[in-house]
Visitor: 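My questions all concern the structure below.
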Amino acid sequence: MAAPVGPMKFWKPGTEGPGVSITEERQSAAESTGVSVIYNPYASLSIEQQRQKLPVFKLRNHILYLVENYQTLVIVGETGCGKTTQIPQYLAEAGWTAEGRVVGVTQPRRVAAVSVAGRVAEERGAVLGHEVGYCIRFDDCTDPQATRIKFLTDGMLVREMMADPLLTRYSVLMLDEAHERTLYTDIAIGLLKKIQKKRGDLRVIVASATLDAEKFRDFFNQNETNDPSKDTSMILTVEGRTFPVDIFYIQSPVPDYVKSTVETVMKIHQTESDGDILAFLTGQEEVEAIVSMLIEQARVLSRSGMKKHLRVLPMYAGLPSSEQMKVFERVSHSVRKVIVATNIAETSITINGIAFVIDCGFVKLRAYNPKTAVECLVVVPVSKASANQRVGRAGRNRSGKCYRLYTEEDFEKLPQSTVPEMQRSNLAPVILQLKALGIDNVLRFPFLSPPPAQSMVQALELLYALGGLDKHCRLTEPLGMRIAEFPLNPMFAKMLLESGNFGCSQEILSIAAMMQIQNIFMFPPNQKAQAIRKHRKFAVEEGDHLTMLNVYEAFIKHSKSSQWCQEHFLNYKGLVRATTVREQLKKLLVKFKVPKKSSEGDPDPVLRCIVSGFFANAAKCHSTGAYRTIRDDQELHIHPTSVLYAEKPPRWVVYNEVIQTSRYYMRDVTAIESTWLLELAPHFYQEGTVRTRHRHQMVSLLYSQLLYLKLFLFPSSIFLLFDGNRNKLGCNSFKGI
DNA sequence: CGTTTTTTG
């Protein structure tokens, strides 16, 4: 096993060393997405024979026994063990779907729910949507009478609880990929724990990676005695079926992982036999830089007579989908594919045929500063769990190698797992959702990982300001309940609900829908200037909201033509999605009897309506040329993607969100009149100085949860990025009060 | 004056 030679030196940790052995690495590699069913080495066997070959089959009766006797089962299912497709079927065969009951399986991502449902339906010889179905936003493929095994996104499960708080139709719920700790998985986990107390018959199966198994078991265990025979939860491990992956570390730290990635790719290409390469980087810019460097080097190589060619492909979420599809294309034997990707390739997509993985050791994550209520994107070291997940992207169809561009010593210093999303998110939608589910005292909600107290305060303050909560922190009727019903952030929901009063619900619907889609404007690297010129046609001086409205209306006027989109460098799929989102939102407005009206081209009511939802996000331009928020005097700038960027800056603006990268940037910005703030949010802004008196009011709310939090808790000022950061989490969390 | 990790309802 020759390591690459030259400036890049790797070594494989020996079994005697401090490092983990290869087998251990594989065991701790997190589970794959449900898309893993693509690869099937037993395709020539009958479906029944294939099912029996899966590692999980040997444990079929054991699993059924445990589900029968324990309320919660934590399954540590390694990659390729077959748990996602098989366990629901075992349960159905054992009678858990008798008398109209349903076995539900949740997935964090839509595609996974659909593809696994398809595979299971096929195995059962069923038509998808009958006995086996799936339910994701915009696509309910189930039959209320016939469906027995139902795959759904965890977000959908939380939504279902609004109609049926005890999930009475379900006999078993399996939460797949729970170790990913996505926001909705965590909410579902807390809610299921509560439901189990009222429904002793409900069974929960948590599918997780090794690392978190005990945490899940202890969380669900209702046994308060020391007698383990009374435990209500249990762990079961199912071995996987993957190929060995050798891990190599770099000998000494590299100053520039971009350069090192390029060098490592070239070394692999020149010294290793067949097999595609997957490199993990942190962002679009890095990916594109490496792609062009590699193409350059590959040219030099082929000129010098190298027979084997390199096909270099970028992969990130912002890439047009036609470009994304290229990474799945098969290439001839004389070509080696190199895919340079962001963390999209870690869980969201699975590429077959990867033999070599290069891991730069960093990841770009969204984090939330609970003190300033600003989200930021930060590049941080990956967690061990992520690094192992990256390793696992090789070894799916054959043995492989993983090159880590950091030392083994540094690997050991990495945090065990990434901080759960719950602890690095804006909690306003979460709190509202919980309140709508009847959980009034959100402080006592069983969070698997409690979020920072300050995030709670921010969320409660915002919801109060929007009128969704009253001064006792209770959900208001009907406003609060209605805001919660929208699948949107509360500010958008409030804006929509107000749109009837401004006589512009048509326009606001289009704006709200468009704002949910990222990357509407596309910039193909080679035609960037041309694209910007085309985009300028839609721009208006009022700002991004009305610009997006223009785009949407033009799209409709041109009969939703994909060709028209291409000509104008617009994201066709995104625009189609905007129309779907708009339909869904429109139904809710009809339900709440918001009159259908148009301002007939008058921008004024539309802008005022935007302010009625986003008044809290107002900023003023100062003589320095920089903006500052009204709430906190925080310095802000207009994001370079805004149409107001490089224009004469308007004195007052509102924005949808702030994102901190190199500076604090406002995204989706619209010019407003300061008088509108006083007019439309008199409870939030005072006349004269336009300073907030909101906080003042909040502190006067006796007995409110908010006051409770404010008086008793230490405010946090540090971003919580890693679960391992015990001290910081300890002082910021409200657990135990 | 200088840019978007990734999901989900």
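Values in this document were obtained by computation on a predicted structure and should not be read as measured data. Protein chains get the first letters and strands the later ones, always in sequence-line order, with residue 1 at the start of each.
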Visitor: Counting distance only, does the side-chain N/O of A:Arg181 pair as donor-acceptor with the main-chain N or O of A:Thr418 below 3.5 Å?
Guide: no
Visitor: Just call it for A:Asn519: base, sugar-phosphate, or nothing, with non-hydrogen atoms closer than 4.0 Å on any strand.
Guide: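 Base, at least one base heavy atom under 4.0 Å.
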Visitor: At under 4.0 Å between heavy atoms, what does A:Ile344 touch on the DNA or RNA strands: base, sugar-phosphate, or nothing?
Guide: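 Touches sugar-phosphate only.
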Visitor: Using 0.5 Å steps for rounding, measure from the CG atom of A:Leu448 to the CZ atom of A:Phe216.
Guide: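 The CG atom of A:Leu448 sits 5.5 Å away from the CZ atom of A:Phe216.
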Visitor: With the threshold set at 4.0 Å, does a side-chain nitrogen-carboxylate oxygen contact exist between A:Arg424 and A:Glu375?
Guide: no
Visitor: Using a 4.0 Å heavy-atom cut-off, does A:Thr182 contact any base of the nucleic acid, only the sugar-phosphate backbone, or nothing at all?
Guide: nothing
Visitor: Which part of the nucleic acid, if any, lies within reach of A:Ile638 when heavy atoms closer than 4.0 Å are counted: base, sugar-phosphate only, or nothing?
Guide: nothing
Visitor: 5'-most contact on DNA chain B: A:Gly318 or A:Pro429, nearest heavy atom basis?
Guide: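 Going by which nucleotide is closer to the 5' end, it is A:Gly318.
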Visitor: Between A:Thr282 and A:Met156, just flag the one whose closest nucleotide in DNA chain B comes earlier from the 5' side.
Guide: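 Looking at the nearest nucleotide for each, A:Thr282 comes out on the 5' side.
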Visitor: For A:Phe521, which residues count as a ring-ring contact (aromatic ring centres under 6.0 Å, His included) partner, sequence neighbours excluded?
Guide: A:His535
Visitor: Are A:Phe614 and A:Tyr655, when compared by the centres of their aromatic rings, separated by less than 6.0 Å?
Guide: no
Visitor: Going 5' to 3' along DNA chain B, which nucleotides are the first and last within contact of chain A (any atom under 4.0 Å from a heavy atom)?
Guide: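 That gives a stretch of B:dC1 to B:dG9.
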Visitor: Donor-acceptor pairs under 3.5 angstrom involving side-chain atoms of residues 513-520 of chain A: please list them, not counting sequence neighbours.
Guide:
unit_1   : atom_1 : unit_2   : atom_2 : d
A:Gln516 : NE2    : A:Ala512 : O      : 2.9

Visitor: Base, sugar-phosphate, or nothing: which does A:Phe138 touch, judged by heavy atoms less than 4.0 Å apart?
Guide: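 If one applies the 4.0 Å heavy-atom cut-off, A:Phe138 turns out to touch nothing in the nucleic acid.
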